[in-house]
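What follows is a short report on a single structure.
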Protein chains: 2
Amino acid sequence: MDRGYAATRLGDIADYADLQAGSLYYYFDSKEELVEEVLRYGVQFTHAHVRTAVEQLPEDATAGDRLRAAVDAHLESMLELGDLAPAHVRTFNQIPPEMQDRLRTARRAFGKFWAELVEGAIDAGEVRSDLDPYIIRLFIVNSIERVAEWHLRQKRSAEELAQIMRTMIFEGAGIGAGWSR
Amino acid sequence: MDRGYAATRLGDIADYADLQAGSLYYYFDSKEELVEEVLRYGVQFTHAHVRTAVEQLPEDATAGDRLRAAVDAHLESMLELGDLAPAHVRTFNQIPPEMQDRLRTARRAFGKFWAELVEGAIDAGEVRSDLDPYIIRLFIVNSIERVAEWHLRQKRSAEELAQIMRTMIFEGAGIGAGWSR
DNA sequence: GTCTATACAAGGATAGAC
DNA sequence: GTCTATCCTTGTATAGAC
């Protein structure tokens with residue numbers, strides 16, 4: 001679905017599955033249903049992966065540890081999902097509005113989880129409190145989601161990318177103070 | 001073009017321009033040509049805006065000042081372009097490959113300008129030198145480009161958004177050291 | 001310049017054979 | 001379950017009137 005929702009023909013999908021276009025209707029009632037299933041899988045997979053990673057931390061993990069773990073796990077999901085990750089990120093605003101509504105519940109649940117992580121880290125004094133938590137969350141999640149889109153010239157390992165993202169997200173690009181002036 | 005390249009019908013565009021679909025062919029030879037023109041305008045407008053902002057800085061501006069100015073100007077462009085900004089960002093990977101090739105020259109020129117700003121700031125010791133400059137650039141530009149997509153609940157002024165973006169990009173979300181460990 | 005009417009192509013969906 | 005053939009809708013593009 002790299003090329004967008006409407007541009008992706010059932011024939012393409014069928015090719016990918018080594019089937020003929022018509023055969024897809026044995027499994028799905030419509031193209032919409034098929035796409036919805038794929039997108040829903042993407043959110044739920046990622047949500048589950050991130051949540052598990054956070055919950056598996058030891059009892060004494062700080063709010064910062066939890067947030068860091070979430071960044072790593074979310075990034076891992078993006079990389080593991082392969083083509084599916086960018087598909088989901090890119091495609092959501094292209095699908096029919098009713099479908100967006102149906103998927104929104106799943107997306108909101110994941111967003112809420114993220115929001116709690118960010119707010120927890122702010123309350124613990126580990127994330128800056130001078131910006132809107134909502135914006136901080138958007139910024140972080142957006143950064144992670146787009147990584148899957150970077151067709152990097154040098155292939156980098158998941159660990160390497162995680163390290164880079166953590167640095168940029170939490171420490172920023174600048175050196176020393178006064179950058180935001 | 002919120003809904004993607006293929007999903008955007010000539011009829012929609014015609015409606016927007018208070019015309020009938022057929023009338024568009026007086027101005028353009030094809031849908032492709034029309035879209036290409038719109039996208040090209042977007043890159044060039046932004047490139048020009050950012051370049052001008054940077055070049056208008058006083059002689060004694062540091063590499064950091066230049067980079068900061070670029071962030072502000074790029075963000076301003078995104079906001080000024082209105083619907084056109086997300087259209088460009090979202091649509092590029094959906095358009096036919098030959099069209100991507102034709103637009104790539106304009107995009108590369110802008111990318112090169114950005115790369116020089118980032119590298120200048122690294123050389124001047126104002127941006128961290130422990131990460132790949134290419135990645136730093138992707139991260140920064142991506143962050144700016146997506147802001148136009150945030151349908152923020154509270155409307156924020158351009159200055160306010162610029163302040164937020166500068167803080168997140170250069171200082172990061174974290175407090176204190178040790179975040180990237 | 002902009003309209004209406006229409007030709008033409010493409011793709012989603014259905015039917016029925018195997 | 002998967003195929004092939006076909007229907008039907010939609011959307012790009014063209015023609016020609018005004």
Side-chain angles (χ1 to χ4, degrees), chain A residues 1-44 81-104 106-107, chain B residues 1-43 45 81-104 106-107:
Chain A
M1 294 239 298
D2 288 15
R3 297 284 301 284
Y5 173 68
T8 304
R9 325 183 198 315
L10 281 177
D12 300 337
I13 301 175
D15 278 354
Y16 189 81
D18 273 309
L19 286 175
Q20 293 305 306
S23 311
L24 292 172
Y25 285 85
Y26 178 75
Y27 300 98
F28 299 95
D29 287 342
S30 67
K31 177 181 175 181
E32 266 198 42
E33 193 189 300
L34 187 161
V35 172
E36 187 170 334
E37 211 117 322
V38 172
L39 296 189
R40 173 166 282 117
Y41 172 80
V43 207
Q44 288 177 343
L81 285 172
D83 299 342
L84 214 136
H88 180 271
V89 174
R90 288 176 182 171
T91 309
F92 186 76
N93 47 38
Q94 294 177 34
I95 58 182
E98 323 80 59
M99 199 167 137
Q100 293 188 353
D101 291 340
R102 288 193 296 274
L103 287 169
R104 204 160 269 132
R107 287 166 61 95
Chain B
M1 294 238 297
D2 289 16
R3 297 284 300 283
Y5 173 69
T8 304
R9 327 183 194 314
L10 282 177
D12 300 337
I13 300 175
D15 279 353
Y16 189 80
D18 273 311
L19 286 175
Q20 294 304 308
S23 311
L24 291 172
Y25 286 84
Y26 178 75
Y27 300 98
F28 300 94
D29 288 342
S30 67
K31 177 181 174 181
E32 266 198 42
E33 193 190 299
L34 187 161
V35 172
E36 187 169 333
E37 210 117 322
V38 171
L39 296 189
R40 174 165 282 116
Y41 171 81
V43 207
F45 174 91
L81 285 173
D83 298 341
L84 215 136
H88 180 270
V89 174
R90 289 175 182 169
T91 309
F92 187 76
N93 47 38
Q94 294 178 35
I95 59 181
E98 323 80 58
M99 198 166 136
Q100 294 188 353
D101 292 339
R102 289 193 296 274
L103 287 168
R104 204 160 270 132
R107 287 166 61 96

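Residue numbering restarts at 1 for every chain, and letters A, B, ... go by the order of the sequence lines.
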Throw together a table of side-chain donor-acceptor distances under 3.5 angstrom for residues 34-42 of chain B, partners on residues two or more places apart or in other chains.
{"residue": "B:Glu36", "atom": "OE1", "partner": "B:Arg102", "partner atom": "NE", "Å": "2.9"}
{"residue": "B:Glu36", "atom": "OE1", "partner": "B:Arg102", "partner atom": "NH2", "Å": "2.7"}
{"residue": "B:Glu36", "atom": "OE2", "partner": "B:Arg40", "partner atom": "NH1", "Å": "3.3"}
{"residue": "B:Glu36", "atom": "OE2", "partner": "B:Arg102", "partner atom": "NE", "Å": "3.0"}
{"residue": "B:Arg40", "atom": "NH2", "partner": "B:Arg102", "partner atom": "O", "Å": "3.2"}

Next item on the list: Please round to the nearest 0.5 Å and tell me the distance separating atom CD of A:Glu98 and atom CG of A:Asp101.
Entry: 7.5 Å
Checklist line | Length of the line joining A:Phe28:CZ and C:dG11:P, which is rounded to integer Å | finding: 20 Å
Check: What heavy-atom pair brings B:Thr8 and B:Lys31 nearest, and what distance separates the two atoms?
Finding: O-NZ, 2.8 Å
Margin query: Minimum heavy-atom separation for B:Pro86 and B:Gly82, please, with both atom names.
Written below: CD-O, 3.1 Å
Check: Considering residues at least two apart in sequence or located in another chain, which fulfil the side-chain contact (heavy atoms from CB on, under 4.5 Å) criterion with B:Arg9?
Finding: B:Asp12
List the atom pairs, with distances to 0.1 Å, where a side-chain N or O of residues 15-25 of chain B and a protein N or O form a donor-acceptor pair under 3.5 Å, not counting sequence neighbours.
{"residue": "B:Ser23", "atom": "OG", "partner": "B:Gln20", "partner atom": "O", "Å": "3.4"}

Next item on the list: Note down the inter-axis angle between the two ends of the helix from C:dG1-D:dC18 to C:dC18-D:dG1, five pairs each, to the nearest 10°.
Entry: 0°
Check: What is the per-nucleotide protein-contact pattern of nucleotides 2-18 of chain D, from the 5' end, where B denotes a base atom under 4.0 Å from a protein heavy atom, S denotes such proximity for sugar-phosphate atoms only, and - denotes neither?
Finding: BBB------SSBB----
Ignoring hydrogens and angles, write down the donor-acceptor pairs under 3.5 Å from the side chains of residues 88-96 of chain B, residues two or more places apart or on other chains.
{"residue": "B:Arg90", "atom": "NE", "partner": "B:Glu149", "partner atom": "OE1", "Å": "2.8"}
{"residue": "B:Arg90", "atom": "NE", "partner": "B:Glu149", "partner atom": "OE2", "Å": "3.2"}
{"residue": "B:Arg90", "atom": "NH1", "partner": "B:Asp2", "partner atom": "O", "Å": "3.1"}
{"residue": "B:Arg90", "atom": "NH2", "partner": "B:Glu149", "partner atom": "OE1", "Å": "2.5"}
{"residue": "B:Thr91", "atom": "OG1", "partner": "B:Ala87", "partner atom": "O", "Å": "2.3"}
{"residue": "B:Gln94", "atom": "OE1", "partner": "B:Tyr5", "partner atom": "N", "Å": "2.8"}
{"residue": "B:Gln94", "atom": "NE2", "partner": "B:Arg90", "partner atom": "O", "Å": "3.3"}

